[in-house]
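Just so you know, residue 1 is the first one in the sequence shown, and it goes up from there.
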Amino acid sequence: MLRGASAVSACEMSYKHHRGRWPEVGPLVGAFDAVVAAEGFDLLPLSAMHAVRAGAYGPEHRDPFDRMLGAQAVVEGLTLLSKDRWLKELGAGTMWE
């Protein structure tokens, strides 16, 4: 089973951290690649196929990070660890443990 952390998540954490909306994630932002590797996850890059899928979603969900994560999950056949109902509506499988 593939266990991955998306580069999109790194972007969202960095964006929110640098705007003061998620200060406690600073150490993770600074060492994202190392933490991902240490936890035994693969780093999932964002591809053009993911971007095209994200851009094809309708206007009802505007969060670009969610659109990218949803598209990445759908294209790769992955399940996202999230409680966000919007991701399900984008066609992504979700679970929360």
Side-chain angles (χ1 to χ4, degrees):
M1 174 193 287
L2 176 65
R3 291 176 24 143
S6 176
V8 175
S9 294
C11 181
E12 181 171 20
M13 285 186 257
S14 180
Y15 178 84
K16 289 180 178 179
H17 173 70
H18 286 96
R19 281 152 188 80
R21 293 176 30 206
W22 201 357
E24 64 274 15
V25 81
L28 178 56
V29 168
F32 191 84
D33 287 342
V35 171
V36 167
E39 293 297 323
F41 288 88
D42 294 315
L43 184 60
L44 305 173
L46 184 64
S47 73
M49 188 181 297
H50 301 145
V52 168
R53 175 67 183 239
Y57 287 126
E60 51 280 345
H61 192 63
R62 297 177 188 251
D63 184 318
F65 299 115
D66 286 354
R67 292 170 71 93
M68 289 295 208
L69 288 169
Q72 195 171 42
V74 169
V75 168
E76 300 300 331
L78 301 173
T79 300
L80 292 168
L81 186 59
S82 176
K83 291 193 280 188
D84 189 333
R85 67 180 177 87
W86 286 106
L87 292 170
K88 276 188 174 180
E89 292 181 17
L90 295 175
T94 62
M95 67 181 291
W96 186 261
E97 296 178 5

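Taking a 4.5 Å side-chain heavy-atom cut-off between Ile, Leu, Val, Met, Phe, Trp and Tyr, the cluster of M49 extends to V75.
Shown here is R62, whose CZ atom has no more than 12 heavy atoms of other residues, nucleotides or ligands within 6.0 Å. For Y15, the OH atom is loosely surrounded, since the number of other residues' heavy atoms within 6.0 Å does not exceed 12.
One distance of note links NZ of K88 with CE of M95; it measures 11.0 Å at 0.5 Å rounding. The distance from the CD atom of E24 to the NE2 atom of H17 is 9.5 Å, given to the nearest 0.5 Å.
The salt bridge (charged side-chain N to carboxylate O under 4.0 Å, His left out) check on K16 picks up E12, with sequence neighbours excluded. With sequence neighbours excluded, the residues forming a salt bridge (charged side-chain N to carboxylate O under 4.0 Å, His left out) with R85 are E89, listed by chain and number.
Hydrophobic clustering of Ile, Leu, Val, Met, Phe, Trp and Tyr side chains at less than 4.5 Å, counting indirect connections, unites V29 with V36. Cluster annotation: W22 and V35 are assigned to the same hydrophobic cluster (Ile/Leu/Val/Met/Phe/Trp/Tyr, side-chain heavy-atom contacts under 4.5 Å, transitive). In terms of hydrophobic clustering, with Ile, Leu, Val, Met, Phe, Trp and Tyr side chains grouped at heavy-atom distances under 4.5 Å, F41 and V8 are assigned to different clusters. Placement of L43 and M13 within a single hydrophobic cluster is found when ILVMFWY residues are connected by side-chain heavy-atom separations under 4.5 Å, directly or transitively.
Listed here is the closest heavy atom pair of S82 and L87: OG-CD1, 3.4 Å. Annotation for A73 and L80: closest pair CB-CG, 3.7 Å, computed over non-hydrogen atoms. The two residues F65 and C11 make their nearest non-hydrogen contact at CE2-SG, 3.5 Å. When every heavy atom of S9 is checked against every heavy atom of L69, the shortest pair comes out as OG-CD2, 3.8 Å. Nearest heavy-atom pair across A71 and A54 is CB-N, 3.5 Å. Closest heavy-atom contact between P45 and Q72: O-NE2, 2.8 Å.
Judged by distance alone, with hydrogens and angles left aside, the side-chain atoms of H18 form a donor-acceptor pair with the main-chain N or O of S14 at under 3.5 Å. R67 places a side-chain N or O within donor-acceptor distance of the main-chain N or O of Y57, the cut-off being under 3.5 Å.
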>> D42 vs R3, test: side chain to side chain contact (heavy atoms under 4.5 Å, CB included). Steps then yes/no.
In response: CA-CA 6 Å; D42 294 315; R3 291 176 24 143; over 6 Å; no

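Between the side chains of S47 and H50, at least one donor-acceptor pair of N or O atoms lies under 3.5 Å.
For the pair L90 and V74, the minimum side-chain heavy-atom distance is 4.5 Å or more.
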